[in-house]
Protein chains: 2
Amino acid sequence: MATIAREAGVNPGSLYHFFESKDHLLLGVLEFGLGYLGPAVMEPAEARAADPVDRVFALLQGYRDHMEREHCCMGCPIGNLALEISDHNAKARALVHENFENWVARVASWLEPDTRMPTTVDRRRLARFVLTVMEGGLMQARAAGHLGPFDEAVDVLRDYFMRLGTPANAKTHRHTSPRAKRRRR
Amino acid sequence: MATIAREAGVNPGSLYHFFESKDHLLLGVLEFGLGYLGPAVMEPAEARAADPVDRVFALLQGYRDHMEREHCCMGCPIGNLALEISDHNAKARALVHENFENWVARVASWLEPDTRMPTTVDRRRLARFVLTVMEGGLMQARAAGHLGPFDEAVDVLRDYFMRLGTPANAKTHRHTSPRAKRRRR
DNA sequence: GTCTATATATTGATAGAC
DNA sequence: GTCTATCAATATATAGAC
């Protein structure tokens with residue numbers, strides 16, 4: 001609470017005017033996330049690519065850029081909370097879940113109209129898989145202190161999409177570009 | 001510290017005879033993990049399946065069983081610490097990374113001799129991808145409160161292995177068995 | 001090495017003036 | 001609504017007897 005107050009430039013006691021407790025503030029953060037996702041995370045990816053699969057990799061690139069700006073700290077705030085929140089905090093847990101479902105639904109809506117993938121491919125399941133790979137990749141990148149593990153995971157995911165019949169646009173192949181040679185590991 | 005002492009059945013002060021501080025105890029936990037992984041996690045999977053790919057899914061099944069026993073709480077202790085530990089705690093972070101590398105190296109050693117996958121498939125990268133999917137899947141399962149998201153992620157991963165030319169043994173297809181019908185979602 | 005007791009620091013929350 | 005001051009609770013760590 002003290003850190004939040006300091007970062008916000010307010011006095012410690014003032015937070016309690018808006019949130020009746022530490023727990024309520026956490027719920028406020030998670031509710032904020034629900035509205036933040038669209039404008040701050042999904043819309044930029046939608047603006048950068050129209051193709052369904054390119055959009056997915058533009059989204060992942062957005063997380064990568066953020067992680068790089070933070071020097072491999074932080075990662076995904078919702079993912080961090082997912083593993084930090086006690087299993088007994090039902091309300092917070094439900095909101096983390098809702099944030100994930102929100103993410104999955106948006107990405108699934110991109111993949112649904114794709115005509116290259118067989119119709120037997122469950123778009124929602126595939127969208128969830130993208131989230132799975134993103135969160136697992138960021139976790140390892142944070143532990144490693146560099147983006148190598150995240151890039152590797154995205155590479156394999158791209159290979160999978162290719163095998164589903166939907167090669168991603170070459171522009172999203174950042175890891176195979178000359179610049180990538182400078183990467184650690 | 002109080003919780004650990006209580007669970008261990010010792011008095012709060014006694015912990016400080018073995019660990020000079022809270023931080024040192026955390027390092028001790030992570031060092032313990034390095035030796036715990038083989039006997040407690042990898043060897044059971046190795047005993048259950050000889051085939052490289054079946055072993056991978058036996059390993060994932062082991063995490064699933066553990067998660068189910070805990071009623072979808074806890075998940076992977078190393079993964080939890082990976083996102084909970086401060087980015088400034090360099091020693092702890094390095095040990096989390098070492099735990100992950102340990103995991104990846106062991107799984108890669110299973111995949112290396114596989115003759116069905118093209119030799120162009122980077123075994124170590126694939127092993128890391130398995131860890132990525134496992135951690136991302138457990139994270140979402142913990143948030144959801146049920147194993148649905150984990151099972152979905154494993155399903156997609158199995159599909160990927162199949163497309164690489166290495167279908168997993170039917171016995172590991174727990175999600176498509178009649179029992180799976182009882183699953184939520 | 002373990003116990004009881006306690007010191008010290010940090011954190012969560014409140015009170016009341018402005 | 002914000003500020004200063006401060007309370008109460010919790011958590012980390014230490015001391016000294018046994």
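Quantities reported herein were computed from a predicted structural model and do not represent experimental measurements. Chain letters run A, B, ... following the sequence lines, proteins first, then strands; residues in each count from 1.
Between B:Leu26 atom CG and D:dA13 atom C1' there is a gap of 17 Å when expressed in whole angstrom units. One interatomic measurement links the two molecules: CG of B:Asp23 to P of C:dA9, which rounds to 17 Å at whole-angstrom precision. The separation between B:Met1 atom CE and D:dT14 atom C1' is 12 Å, rounded to whole Å. Straight-line distance from the CG atom of A:Leu15 to the P atom of C:dA13: 11 Å, rounded to whole Å. Regarding B:Ile4, its CD1 atom lies at a distance of 12 Å from the C1' atom of D:dT12, rounded to whole Å. Spacing between atom CD of B:Glu20 and atom P of D:dT12 amounts to 16 Å, rounded to whole angstrom units.
Among residues two or more places apart in sequence or in another chain, the side-chain hydrogen bond (donor to acceptor under 3.5 Å, both in side chains) test is passed with B:Thr3 by none. Residues satisfying the side-chain hydrogen bond (donor to acceptor under 3.5 Å, both in side chains) criterion with B:Thr115, sequence neighbours excluded, are absent altogether.
In the displayed structure, B:Met1 atom CE is contacted under 6.0 Å by more than 12 heavy atoms of other residues, nucleotides or ligands.
Relative ring orientation between B:Phe161 and B:Phe57 is described as perpendicular, the plane-to-plane angle rising above 60° on a 0-90° scale split at 30° and 60°.
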**Item:** Summary of protein contacts for nucleotides 2-8 of chain D, nucleotide by nucleotide, where a base hit scores B, a sugar-phosphate-only hit scores S (4.0 Å, heavy atoms)
**Value:** BBB----

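Using a 4.0 Å cut-off between charged side-chain N and carboxylate O, A:Asp159 and A:Arg163 make a salt bridge.
Relative to the six-membered ring of A:Phe150, A:Arg64 misses at least one condition, a distance below 6.0 Å or an angle of at most 45° to the axis.
Between C:dA13 and A:Tyr16, a contact under 4.0 Å exists linking OP1 or OP2 to a side-chain N or O.
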